[in-house]
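These notes are about the structure you will find just below.
Residue numbers begin at 1 in each chain, while the letters A, B, ... track the order of the sequences.
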Amino acid sequence: MNKYAKVVVSNNSNHTDELYTYKIPEFLIDEIKKGHRVLVPFGRGNKPIEAFVFEITSFEEINFKLKEIIDVIDEKPILKERDIEIIKWMREEYMCTFMDAINCMYPKGVRVDNYKVVKLVKEEFDDLEEREKHVLQELINNKRKIKLEYLKNKIGKGIESIVKKLKNRGLVDICWEYKSIKNEKYIYNISLNISNEEVDEIVKVLIKKRAFKQADVMNFLKNNPNIQLRDLMNLLNVSKQSIKSLQEKKLINIEKLNYYRKPKINYIVKNKKINLNEEQLNVLSKLKKTIYKENKKPFLLYGVTGSGKTEIYLNIIEEALKNDMDSIVLVPEISLTPQTIARFKNKFGDIIAVFHSKLSSGEKYDEYRRIKEGHAKIVIGARSALFAPFSNLGVIIIDEFHENSYKSEMNPKYNSIEVAKQIAKLENCILILGSATPPIEEYYKCKTGEYELLELKNRANNKEMPFIEVVDMKEELDNGNKSIFSKKLFEAIKENLESNNQIILFLNRRGYASFISCRKCGYIFKCLNCEISLTYHKIKNVGKCHYCGYEVVIPKECPECKSNYVKEFGIGTEKIEEEVKRYFKYAKVLRMDKDTTSKKGSHEEILNKFKNKEADILIGTQMIGKGLDFENVTLVGILSADMILNFPDFRSSERTFQIINQVAGRAGRAHLNGRVILQTYDTEHYAIKHALNYDYEGFYEDEIKIRNAFNYTPFNNLISVVVYGKNEKKVVDNTQKLYDSIIYILRKRGYEKYDFILGPNPCPISKINLNYRWQILLKDIDIEIKLLKSIIKYICIQKRELIFNKDINISIDINPFNTL
DNA sequence: AGCACGCCGACT
DNA sequence: GTCGGCGTGCTC
């Protein structure tokens, strides 16, 4: 019976994003399985390309002749059944191609090497031009076959037409060939299959048959019981054939070992027992109970800062290991969590694989292999670690799962939480989403019963959360204090410095000032490539664009009106540093933001310095808020909560609440009492009021009402379609066309109200890197999200050429984290 | 996308 | 005539 494979071809194109059917040749029928990588001839020229088998069928569906699969690439399938399910799901969910999703699962880089060759068919020199003869002669000299590329180098331009002419006369043939990259690296270990005593006898027989090489090998093996094939071939200068025939005579064993196979390690779990408190034990026992339960719900682990979530993670992973199950731990940004990683490594040692985005593709592949071969049982890393190829997944943990790094910014623009849920469902494994400030839409799912809520309400050391004092900056201004420090914060810094305690100052913006302008004519320094004002960096006296990296020296004179009234406005971490140094001359200050941590390892360096008390004050942006323990910090100053609050995004309240919570949690973690001072112009805002009391539940209740009233998530989905390109007019026209097409389809389907479509509008950042950006936002109000997606897919992907210009790009994001 | 093929102007 | 440049259309 004929068998057919439906495959996805490895081609970065929207036009080939479908399943292609190939006939499986006789010799591969038993070999090819779902998930295998294969080589198929594709296109008119039958170029051999890599493809992934998604289905195998045995009936003929199509009546035109099918091409045959050339070969399988790997010994074992690359994709598991559930990987294929996830790929299909991601393609639907995020409107990406099969290949976009496959690229998440399988490290790219090692791909098929293909090239065109010219083959000699007939030797006939009559009526040929000089250069044609030359080509023919080359072919005769080179075993009648030459790479086209090689000929191009030898002959130069015009080779294509020469070869074509030769082809038309039937003298040569042009076709594609490939060098198959078999990815598996093997070691062949050779040993005797007979006893040493028998060897001499055998050697005599071999010599009689004039098989001298084989005799050499046998003699060698008598003295060296174990050797690798490669070494044996080099040392004795024997061919593979000689060794093979020895194997056929059953005189030797050839053992195929995987290159990565190390001596099997028995992993040691260090039993430095930390006594869990009652709350933790309770949570843990609930988790353990579900390990073998069918149809698990995802767990939302709501644990206040310092409640010992990590300890729960370590324990449940240990439990999984006992049951021979693997675990995945996602952390927001690997470089920000050295302490967490250290704790995992301490406990589990060698069986941990670490995934960062900064691994080279080779390193990534090595880690991939380690996992695939079962040498790593735990992977810890950023969102890409989610796709680790474990065979028996038991637990997925997403730590600090409110962090927006879990949403991919690149195609496919997936949300790790959603993908994790999908994987957990298919693998029937435990999914733990841990946070001190869960996203509103996720916490909502506890209320609806989609998640099971686990709570850690107390800090492990039983310390109260530090008291947050709020300072109204409007009042400060009325009292004539124009500085960036309120009187209260100023006094507190002074006190803490005197008593030799450490201080953290938090501000959500790097640089010195948020913009630079001329006070006379109002000129504002802007990026040349982006529609964004430049941030002033005083140390280098430059204006920097935080979107494209553009930098320009700021002149004293206004380029517009030539006056001397150029001045910077707003505050950034650089300015805080300057002010602190001005007021507190003897304080030692460290600054941690994107500017001071660009070098590798500079992160840890700053943190270590601060931990070792080499500085009194740490000034920083968001990155100081991530799971760091500093015992001697007794004061945290949040300089301007408004900066986040006034951000033009529906999540800004939530972000504010989260950041205050995170940053405040840095104070007083050990024996000392902490104090937090929060400066804001908006003391009455509900996010700030609830944050002061660490009242997540209260904040949730207020926020969910707003989400409901304005049709935001979790009540509605949002789709953002951004149209961008270098030509502003084309961008505007194309966005309008997109809008018109959506309306046209909706009207045909009987819709009359279109108020769920916002736009077309320019994006809040209307130009980035010379690309003008326009946007249409759609919500699934009174319309099915599926329908909405299918309409957008139809217009933006399937009929793309009909509607959009060639130099126009489209970016579709389902439930984006921001709509800039 | 990326490749093959074909149509058309340019040039020995 | 034929070279090669680009436009067009298809990929099991």
Side-chain angles (χ1 to χ4, degrees), chain A residues 2-25 28-29 32 34 36-72 91 95-103 108 111-118 127-135 147-149 151-152 155-169 171-178 410-412 725 796-802 804-811:
Chain A
N2 287 333
K3 284 209 168 191
Y4 301 88
K6 294 193 172 180
V7 304
V8 172
V9 292
S10 180
N11 202 348
N12 279 340
S13 163
N14 286 328
H15 302 98
T16 52
D17 182 46
E18 53 189 302
L19 295 174
Y20 289 88
T21 313
Y22 283 84
K23 189 170 181 296
I24 302 178
L28 288 174
I29 279 187
I32 290 182
K34 232 170 147 176
H36 253 125
R37 251 181 352 140
V38 293
L39 207 58
V40 295
F42 195 69
R44 278 209 260 194
N46 286 327
K47 182 182 178 177
I49 59 169
E50 177 195 52
F52 296 82
V53 177
F54 268 44
E55 268 172 56
I56 292 177
T57 54
S58 47
F59 45 90
E60 245 161 309
E61 300 174 354
I62 310 149
N63 38 19
F64 60 83
K65 59 185 186 310
L66 294 172
K67 294 182 185 175
E68 281 194 3
I69 289 177
I70 301 169
D71 205 351
V72 316
R91 178 167 173 268
M95 295 195 223
C96 65
T97 62
F98 281 121
M99 280 315 297
D100 284 334
I102 289 172
N103 286 335
K108 47 187 164 190
R111 293 279 146 112
V112 174
D113 177 19
N114 47 24
Y115 43 84
K116 268 182 171 173
V117 292
V118 183
D127 293 337
L128 285 187
E129 281 175 30
E130 212 37 55
R131 302 214 302 168
E132 293 165 5
K133 278 183 187 166
H134 187 177
V135 170
K147 277 192 195 182
L148 186 62
E149 200 61 24
L151 275 179
K152 209 181 265 175
I155 312 279
K157 257 201 162 183
I159 181 66
E160 258 118 25
S161 56
I162 294 172
V163 173
K164 203 186 268 174
K165 226 178 350 182
L166 289 172
K167 190 191 170 184
N168 288 341
R169 292 204 204 170
L171 302 182
V172 302
D173 201 10
I174 311 164
C175 59
W176 283 91
E177 286 200 352
Y178 60 94
M410 292 193 302
N411 252 340
C796 297
I797 298 171
Q798 280 156 269
K799 297 286 163 197
R800 189 196 165 117
E801 275 78 13
L802 284 175
F804 299 100
N805 289 91
K806 261 201 161 153
D807 48 351
I808 291 291
N809 297 297
I810 302 151
S811 165

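- In this structure, A:Lys806 atom NZ and C:dT8 atom P are separated by 9 Å, rounded to whole Å.
- The local environment of NZ in A:Lys34 is crowded, with over 12 non-hydrogen atoms from other residues, nucleotides or ligands closer than 6.0 Å.
- Taking a heavy-atom distance under 4.0 Å as the criterion, the stretch of DNA chain B touched by chain A extends 5' to 3' from B:dA1 to B:dC5.
- At the heavy-atom level, A:Phe42 lies under 4.0 Å from base atoms of the strands shown.
- Mapping A:Lys116 and A:Asn14 onto DNA chain B by nearest heavy atom places A:Asn14 at the nucleotide closer to the 5' end.
- Put simply, the side chain of A:Thr97 does not reach to within 4.5 Å of the side chain of A:Asn11, judged on heavy atoms.
- Taking atom CD of residue A:Gln798 and atom C1' of nucleotide C:dT11, one finds them 17 Å apart after rounding to whole Å.
- Residues meeting the salt bridge (Lys or Arg N to Asp or Glu O under 4.0 Å) test with A:Glu68, sequence neighbours left out: A:Lys23.
- Aromatic ring centroids of A:Phe98 and A:Phe54 lie under 6.0 Å apart.
- Taking atom CD1 of A:Ile159 as the reference point, atom P of C:dC3 lies 12 Å away to the nearest angstrom.
- Straight-line distance from the CD atom of A:Glu55 to the P atom of C:dC12: 18 Å, rounded to whole Å.
- The side chain of A:Thr16 lies closest to C:dT11 when the candidates are C:dC12, C:dT11, C:dC3.
- Atoms CD (A:Glu68) and P (C:dC12) sit 14 Å apart, rounded to a whole Å.
- In this structure, A:Leu19 places its CG atom 16 Å from P of C:dT11, rounding to the nearest Å.
- Residue A:Lys23 is out of contact with every strand shown, counting any heavy-atom pair closer than 4.0 Å.
- Annotation: of the two residues near DNA chain B, A:Glu801 and A:Lys167, the 5′-most nearest-nucleotide partner is A:Glu801.
- Two residues, A:Lys67 and A:Arg44, neighbour DNA chain C, and the one matched to the more 5' nucleotide by heavy-atom proximity is A:Arg44.
- Scanning both residues, A:Val8 and A:Leu19, for their nearest heavy atoms gives CG2-CD2, 3.5 Å.
- When each of A:Val172, A:Val163, A:Ile162 is paired with A:Glu132, the side chain to side chain contact (heavy atoms under 4.5 Å, CB included) condition holds for A:Ile162 and for no other.
- Atom pair A:Glu18:CD and C:dT11:P shows a separation of 9 Å (rounding to whole Å applied).
- A:Asn46 is linked by a side chain to side chain donor-acceptor pair (under 3.5 Å) to A:Lys67, counting only residues two or more places apart in sequence or in another chain.
- With rounding to whole Å, A:Tyr22 atom OH is found 11 Å from C:dT11 atom P.
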